Student: 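Encoded as structure tokens, here's the structure I'll be asking about.
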Amino acid sequence: MQAIILAAGMGRRLGEYTKGNTKCMVPMNGVRLIDRVLGQLSKLQLQRVIIVVGYKGKELQDYVTSQYGQQLTANCQLLFAENPIYDKTNNIYSLSIVKDKLQEDDTLLIESDLIVSDRLFEMIVDNPYPNLALVAKYETWMDGTMVRLDDEQNIVNFISKDAFDYNDVNSYYKTVNIYKLSREFSAHKYVPFLDAYTKAVGNNEYYENVLRIISLLNNHDMKALPIGNEKWYEIDDKQDLDIAEALFADEKDVLRKYYGRYGGFWRFPQMLDFCYLVNPYFPSRRMKDELRANFDTLLTEYPSGMKVNTLIASKCFGVSEDYIVPGNGAAELIKVLMEELQGKIGFTRPTFEEYPNRYDKDQQVTFVPQNKDYRYTADDLMAFFGDKDIKQMMVINPDNPSGNFIPKKDVLCLAQWCEDKGIRLVIDESFVDFSEDYATNSLLSDDTLEAYPHMAVMKSISKSYGVPGLRLGILCSADKELIARIKKEVSIWNLNSFAEFFMQIYNKHEKDYQRACAKFVAERADFYEKLKQIPFFHVMPSQANYFLCEVLPPFKASEIVIYMLKQHDILTRDCSLKPGLDPSKQYMRIAVRDHEDNTRLVEGLKELSK
């Protein structure tokens with residue numbers, strides 16, 4: 001068997017990465033793509049590897065020769081073929097250059113811009129079927145040639161880009177661009193059709209088009225081998241390279257590669273994200289259907305400005321227009337609010353670091369609960385800050401990551417204490433709807449706000465409402481001057497049309513939201529009992545949608561996080577370095593998802609404990 005690697009393309013979409021080199025010379029996590037694939041091929045029993053070069057072909061050939069000489073292994077030759085018109089042709093011409101070689105031996109046909117797990121080459125070589133294409137179930141990141149399969153895994157059609165239909169994606173598989181072609185198939189089917197196709201259509205085409213024509217003959221020459229959950233990626237542009245570096249990161253870099261993304265994990269559809277702090281039961285299907293039904297209008301029309309969106313937010317959340325400002329996520333409002341505040345501010349740690357990160361460190365006074373579970377009460381805060389010269393106090397309730405919760409009646413006592421002392425109290429209640437008395441725990445009412453005019457209430461709509469992609473948050477206070485100043489600081493069009501429409505229709509779906517919150521509370525209780533069975537966890541009680549877990553010896557949090565990611569495709573959060581947590585101990589924060597996902601996480605953790 002031989003391998004043919006197509007490496008003539010210019011890789012224009014990679015921009016500056018390919019100004020001086022072809023795509024396969026781009027490093028991925030410090031290893032060039034060509035070195036990775038040649039290293040994988042060196043483990044196979046191949047007679048020769050032929051690399052078709054074009055753009056920067058001499059540089060590629062010189063590099064490979066300097067690294068490997070004339071042989072990949074003692075029994076495997078390294079050969080090169082050149083596509084001199086790489087800038088005027090496509091990969092069909094690169095393959096036609098080596099069509100004679102294609103007919104001399106069974107062939108692995110490989111595109112050079114791939115990164116795949118080692119297992120894939122073993123899968124295709126060991127499979128007894130002579131003509132085979134590796135395929136992956138369609139996912140949203142995939143582009144290029146799709147195929148349809150019958151019940152016996154025969155490829156019955158190749159779907160071109162022009163024929164792609166999003167209504168049919170459930171039946172599509174993406175070609176991984178690794179094929180096994182028998183010498184007989186190449187000689188008697190593929191090459192004759194290749195000659196006829198290029199003569200009729202030209203050379204600026206793709207070699208898969210020839211396979212598509214052969215598949216239409218209904219003789220089932222080509223079968224598919226689905227790769228299941230094996231990892232792979234095709235590097236076409238900068239974003240592909242970034243994602244591939246996360247997928248294939250080694251243990252010392254994997255957490256930095258994932259955590260540094262701060263979201264966007266829908267690009268990793270096989271991964272379960274247990275850092276993801278949202279309600280798994282809302283929005284309801286009915287609400288999603290209403291959003292879908294209005295998608296075209298919302299996509300193509302301008303959203304309203306601040307005046308109208310303030311009115312809609314007022315209606316949605318039951319707060320007077322003068323008391324509320326909607327934001328492009330709570331993050332926008334946090335930034336503006338923290339720039340507005342002056343003087344020393346009291347924080348409790350561990351907490352959501354976005355607030356202290358936005359404030360002068362020299363103006364921060366920090367309270368750290370001195371107990372194992374980081375529990376604290378309103379009385380604890382009043383006792384600690386009573387003799388501190390603070391002008392503001394920040395309270396996340398429930399807190400993140402501890403899950404500590406101060407009941408509403410005690411929050412109101414704290415609010416009155418702050419009023420008496422002239423301290424502005426900022427309450428972030430983004431997770432309050434996950435608490436057991438979710439229906440009555442919110443501070444968002446005119447009566448409550450008016451009773452404590454020095455109080456401001458922040459709420460991220462992403463969390464309990466399950467819509468982080470909309471980027472929606474609100475800040476409320478009876479301090480009308482504060483709200484007016486913040487409205488002037490944010491853009492007039494700070495909300496997109498989808499966020500605006502969500503607020504417009506929410507009240508119709510409010511009963512579904514209440515049911516979702518009740519369902520969540522029950523699921524959290526069940527998940528808590530299951531997590532407590534993990535022998536290397538001390539699980540702290542929580543009224544939010546996550547649990548802070550102390551990791552007990554001999555395990556370290558990073559070891560568990562890496563194991564769960566590598567072995568089970570589950571991403572969790574190592575919190576060990578979070579300010580306020582005991583630096584001599586190890587901690588993880590684990591989100592609460594739906595029952596099926598939570599069970600999958602627990603089973604993975606149990607495997608580690610065996």
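Everything numeric here is computed off the predicted structure, so don't read it as measured data.
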Student: Who pairs with Glu550 by side-chain hydrogen bond (donor to acceptor under 3.5 Å, both in side chains), at least two apart in sequence or on another chain?
Tutor: none

Student: How are the rings of Trp141 and Trp232 set relative to one another: parallel (under 30°), tilted (30 to 60°) or perpendicular (over 60°)?
Tutor: tilted

Student: For the residue pair Asp379 and Thr377, confirm or rule out a side-chain donor-acceptor distance under 3.5 Å.
Tutor: no

Student: With sequence neighbours excluded, tell me which residues meet side-chain hydrogen bond (donor to acceptor under 3.5 Å, both in side chains) with Asp446.
Tutor: Ser320

Student: Ignoring hydrogens and angles, state whether a donor on the side chain of Glu290 or Asn294 is under 3.5 Å from an acceptor on the partner side chain.
Tutor: no

Student: What pair of heavy atoms forms the shortest contact from Ala456 to Leu482, and how long is it?
Tutor: CB-CD2, 4.4 Å

Student: Do the side chains of Val551 and Tyr587 get nearer than 4.5 Å, heavy atoms only?
Tutor: no

Student: Is there a side-chain contact between Met564 and Leu608 (heavy atoms, below 4.5 Å)?
Tutor: no

Student: Heavy atoms only: give me the nearest Phe498-Leu291 pair and the separation to one decimal.
Tutor: O-CD2, 4.5 Å

Student: Mind checking side-chain hydrogen bond (donor to acceptor under 3.5 Å, both in side chains) for Glu321 and listing every partner two or more places apart, or none if nothing turns up?
Tutor: none

Student: In this structure, which one of Phe547, Phe520, Tyr465, Phe405 forms a ring-ring contact (aromatic ring centres under 6.0 Å, His included) with Phe434?
Tutor: Phe520

Student: By the ring-ring contact (aromatic ring centres under 6.0 Å, His included) test, which pairs, at least two apart or in different chains, include something from residues 299-329?
Tutor: Tyr302-Trp493

Student: Aromatic contact between Tyr546 and Phe274, with the criterion being ring centroids under 6.0 Å apart: yes or no?
Tutor: no

Student: Please list all pairs meeting salt bridge (Lys or Arg N to Asp or Glu O under 4.0 Å) that have one or both residues in residues 476-487, counting only residues at least two apart or in different chains.
Tutor: Glu340-Arg485, Arg424-Asp479

Student: Report the residues that fulfil side chain to side chain contact (heavy atoms under 4.5 Å, CB included) with His454, sequence neighbours left out, ordered by chain and then residue number.
Tutor: Glu419

Student: Counting only pairs under 3.5 Å, give me each side-chain donor-acceptor contact of residues 395-402, with atom names and distances, residues two or more places apart or in other chains.
Tutor:
residue: Asn397; atom: OD1; partner: Ile406; partner atom: N; Å: 2.7
residue: Asn397; atom: ND2; partner: Ile406; partner atom: O; Å: 2.9
residue: Asp399; atom: OD1; partner: Thr351; partner atom: OG1; Å: 3.0
residue: Asp399; atom: OD2; partner: Tyr376; partner atom: OH; Å: 2.6
residue: Asn400; atom: OD1; partner: Arg589; partner atom: NH1; Å: 3.2
residue: Ser402; atom: OG; partner: Asn404; partner atom: N; Å: 3.2

Student: Can you give me every donor-acceptor pair (side chain of residues 324-335, partner residue at least two apart or in another chain, under 3.5 Å) with its distance?
Tutor:
residue: Glu332; atom: OE1; partner: Asn328; partner atom: N; Å: 2.6
residue: Glu332; atom: OE1; partner: Asn494; partner atom: ND2; Å: 3.0
residue: Lys335; atom: NZ; partner: Glu339; partner atom: OE2; Å: 2.8

Student: Going by the salt bridge (Lys or Arg N to Asp or Glu O under 4.0 Å) test, which pairs reach into residues 426-437, not counting sequence neighbours?
Tutor: Glu429-Lys459, Asp433-Lys459

Student: Ring centres of Phe164 and Tyr138 under 6.0 Å apart?
Tutor: yes

Student: Can you name the closest pair of heavy atoms from Val278 and Ser462 and give their distance?
Tutor: CG1-O, 3.4 Å

Student: Name all residues meeting the side-chain hydrogen bond (donor to acceptor under 3.5 Å, both in side chains) criterion together with Thr448; count only those two or more places apart in sequence or in a different chain, and write none if there are none.
Tutor: Ser445

Student: Using the side chain to side chain donor-acceptor pair (under 3.5 Å) rule, collect all pairs that involve residues 514-528, keeping only residues at least two apart or in two chains.
Tutor: Asp512-Arg515, Glu523-His595, Glu523-Asn598, Asp526-Lys530

Student: Closest approach of Tyr355 and Met394, non-hydrogen atoms and distance?
Tutor: CD2-CE, 3.2 Å

Student: Any idea which heavy atoms bring Ser477 and Ile483 closest together, and the distance?
Tutor: O-CG1, 3.7 Å

Student: Taking all atoms of both residues into account, what is the closest heavy-atom pair of Ile423 and Ile390, and its distance?
Tutor: CG1-O, 3.6 Å

Student: With sequence neighbours excluded, give me every salt bridge (Lys or Arg N to Asp or Glu O under 4.0 Å) pair touching residues 300-320.
Tutor: none

